[in-house]
Amino acid sequence: MTKERPSFPLKLDALDNKKSLANRPSSSVVSLSQDKNSNPLKSAPQIVDSASGVGLDSATVREHMVKKLAHQGVADNAVLSAMLNVERHRFVDTALVNQAYEDTSLPIGLGQTISKPNVVARMIELLRQGRCLDARGKLGRVLEIGTGCGYQAAVLSQLASEVYSIERLKGLYERAKENLRPLRVPNLHLLFGDGMLGYAKGAPYSAIIAAAGGENIPEHWLEQLALGGRIVAPVETQSRTQVLLVVDKTENGFEKTYLEAVHFVPLKSGIN
Ligand code: SAH
């Protein structure tokens, strides 16, 4: 496993050796690093413009997505730049590749969805507006609950020193591993487990982000958050709708800010 730091921007074009993980030591934590023999020419499916039917360079489509995000109010250049770098189409099914850069959530299997780009950008921007940036302007250690297909984890890995991402569904954990393994992301650690328990070994976290919403913020997350750290997560309101909740851990206790309505899959306990 390479100890090399990720370059910025990450070389996410250099894909795609699907060599099996079978020879790796069995562990629930997998650090992702690129295989030296990976073949960058074995490219991902082509993006086809739905109006013209013309094949497009995915960078062009991504640029369009990022311009739209900026237009919608995402102002943090670091977030926009990370979203420009990460190839969202590599995280969705081949059949959905043409929708990969639309501002929509998409099915990723097992009844789960990849969040809309706008929501991913918004939540990470909120994290970065807390007190949790280090001297280099990076989020420190980040815990993500709900790896799903691994897209948001890849975006986070560009903006944080370490990312621990937990998924409770084995099928999606495996899928994220497949999606992410060929990329050069040594600061991203995938975990299979119940994210409601957090991941004590990586704590304290300067930021915790959840891609699934429960009735409230689990106690373990509050405990594992560093002083000055921030949680951004969907939570249910009394009227059973979901809103984004920001929790800051301060010297005077936890400060909560309830924001706009969102629609995330439910946060569930246990593994499957
Ligand atoms: N960030 C993801 C979004 C995945 S959807 C992406 O970019 O694709 C949310 C995910 O949260 C689902 O995969 C769901 O299985 C997972 N999830 C729900 N409850 C969880 C829990 N307690 N621990 C870990 N993952 C959980």
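We count ligands from 1, going down the list as the structure has it; atoms in each ligand are counted the same way. Keep in mind it's a predicted model, so treat the numbers as computed, not measured.
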Considering only the protein, which heavy-atom contact is closest to [atom], and what is its distance?
atom                    : value
atom 1 (N) of ligand 1  : Gly146 O, 3.2 Å
atom 13 (O) of ligand 1 : Glu167 OE1, 2.7 Å
atom 7 (O) of ligand 1  : Gln152 N, 3.1 Å
atom 20 (C) of ligand 1 : Arg168 CD, 3.3 Å

[X]: numbered ligand 1 atoms lying under 4.0 Å from its heavy atoms:
X      : value
Gly148 : 4 (C), 8 (O), 13 (O)
Thr113 : 3 (C), 4 (C), 5 (S)
Lys268 : 18 (C), 19 (N), 20 (C), 21 (C), 22 (N)
Glu144 : 1 (N)
Ala212 : 11 (O), 18 (C)
Gln112 : 12 (C), 13 (O), 14 (C), 15 (O)
Leu172 : 13 (O)
Met196 : 22 (N)

Measure [X] to ligand 1 on non-hydrogen atoms and call it side chain, backbone, both or neither using the 4.0 Å cut-off.
X      : answer
Ala211 : both
Thr147 : backbone
Leu169 : side chain
Ser269 : neither

Taking side chain as C-beta onward, heavy atoms only, is [X] less than 4.5 Å from [Y]?
X      : Y      : value
His71  : Lys67  : no
Val74  : Met83  : no
Leu222 : Lys249 : no

Okay, side chain of [X], backbone of [Y]: is any donor-acceptor separation there less than 3.5 Å?
X      : Y      : value
Arg88  : Ala100 : yes
Asp194 : Met196 : yes
Asn118 : Asp103 : no

What pairs of residues pass the side chain to side chain donor-acceptor pair (under 3.5 Å) test when at least one of them lies in residues 201-230, not counting sequence neighbours?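 For residues 201-230, and leaving out neighbouring residues, the side chain to side chain donor-acceptor pair (under 3.5 Å) pairs sorted by first residue read Arg230-Asp248.
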Close approach of Pro266 to ligand 1, heavy atoms, under 4.0 angstrom: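 Judged by the 4.0 Å heavy-atom criterion, Pro266 does count as contacting ligand 1.
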Just verifying a value: how many Å separate Leu191 CG and Ile166 CD1, rounded to the nearest 0.5 Å?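 If I round to the nearest 0.5 Å, the distance is 5.5 Å.
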What do you reckon, does Gly195 have a nitrogen or oxygen under 3.5 Å from a nitrogen or oxygen of ligand 1?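 Between Gly195 and ligand 1, an N or O pair is found under 3.5 Å apart.
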State whether Arg128 and Glu125 are salt-bridged, where the test is any N-O pair (Lys NZ or Arg NE/NH1/NH2 against Asp/Glu carboxylate O) under 4.0 Å.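 Salt bridge: no.
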Should Glu260 and Arg122 count as an ion pair when the cut-off is N to O under 4.0 Å?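 Yes, charged N to carboxylate O under 4.0 Å.
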Passes side chain to side chain contact (heavy atoms under 4.5 Å, CB included), Glu87 versus Tyr101? Steps please. CA-CA 9 Å; Glu87 299 182 322; Tyr101 296 104; 3.9 Å; yes
